[in-house]
Visitor: 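Take a look at the following structure, please.
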Amino acid sequence: MNDNRVSKRELLHAIGETSFVLDDLRLYLDTHPDCPEALAMFKEYQNRREALVNQYEKSYGALSSYGPNEADTWVWNKNGWLEGSEMN
Amino acid sequence: MFSYEKRLQFPVNIKTPNARAAKVILSQYGGPDGELGASLRYFSQKFAMPYPRVAGLLNDIATEELAHLEMVGTIVQQLTKNLSTDEIIRQGFDAFYVDHTLGVYPASAAGVPFTAAYLQSKGDPITDLTEDMGAEQKARTTYDNILKLVDDPDVIAPIRFLRQREIVHFQRFGEALGMVQDQLDSKNFYYFNPADKRGC
């Protein structure tokens, strides 16, 4: 069916990785606000993350609570609350 | 305000339930050096922090600690999923089960419910940041101890991640303390509270 789509798990993994780079850099920049390397890296990963999140939300619905709902039903709380659960 | 993302900060995929491990890991949910206390401590301290950059750091770390709370809750949930009554009794989970079934409740490994007495918000930047550095070390030691008690690689991976974050937070709080000290009045040799205009 959805052969060309990157799997939900793969996308979430990539989003998790890029987000973590930003999570760590944010704290570093809080105490090193003028570090040019960190500022450039933050920008780079922000762009990567944005593209991945857009791709995810197009296929699987909102990742963020402000994300889109394109279906005729409300998708946000339908699933995804219990990682690894059969009810997921 | 806060917004939510429907994902964990680091993946948790535990295949083998282990109630004994769940019981000790629960301490990082609602125990004396756990993630709930950490988040509440930094979030509360930010309000009286007069240095914007340090208040921002407190807010950012408080936010990340909530993501860690979610990871620890997920670990406990996965470790207690599909347990038989016999396993609950043999793995020492019966005392928790009788009060909470398989609900995740903020308590220490020894069953003491979470209390705000685990944390301080002293309204003194130096006092608060010194506590925060101690808190990160205590949480790191707790994760070290958990790593000595568990042997499942699916549990070890997220616990190691959480342990590493304690080390990074300790480092950042140390830098923040330095930032506060750099801005002190040169006559304030003994680090009196720079946030209290009444002096000492």
Visitor: Who among B/M179, B/H169, B/Q171, B/R165 has the most heavy-atom pairs with chain A under 4.5 Å?
Guide: B/R165
Visitor: Using modelled atom types and a 3.5 Å cut-off, is there a donor and acceptor pairing between side-chain atoms of B/K138 and backbone atoms of B/P32?
Guide: no
Visitor: Do you know which of A/H13, A/E17, A/H32, A/R26 has the most heavy-atom pairs with chain B at a distance under 4.5 angstrom?
Guide: A/H32
Visitor: What do you reckon, are the aromatic ring centroids of A/Y56 and A/Y60 less than 6.0 Å apart?
Guide: yes
Visitor: Salt bridge check, B/R41 against B/E131: does any charged N sit closer than 4.0 Å to a carboxylate O?
Guide: yes
Visitor: Using non-hydrogen atoms and a 4.5 Å limit, figure out which bit of B/Y51 sits close to chain A: side chain, backbone, both or neither.
Guide: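 When you check distances to chain A, no heavy atom of B/Y51 falls under 4.5 Å.
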Visitor: Please confirm whether B/F96 and B/Y105 have ring centers closer than 6.0 angstrom.
Guide: no
Visitor: For B/I14, is it the side chain, the backbone, both or neither that has a heavy atom under 4.5 Å from a heavy atom of chain A?
Guide: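 For B/I14, no heavy atom lies under 4.5 Å from chain A.
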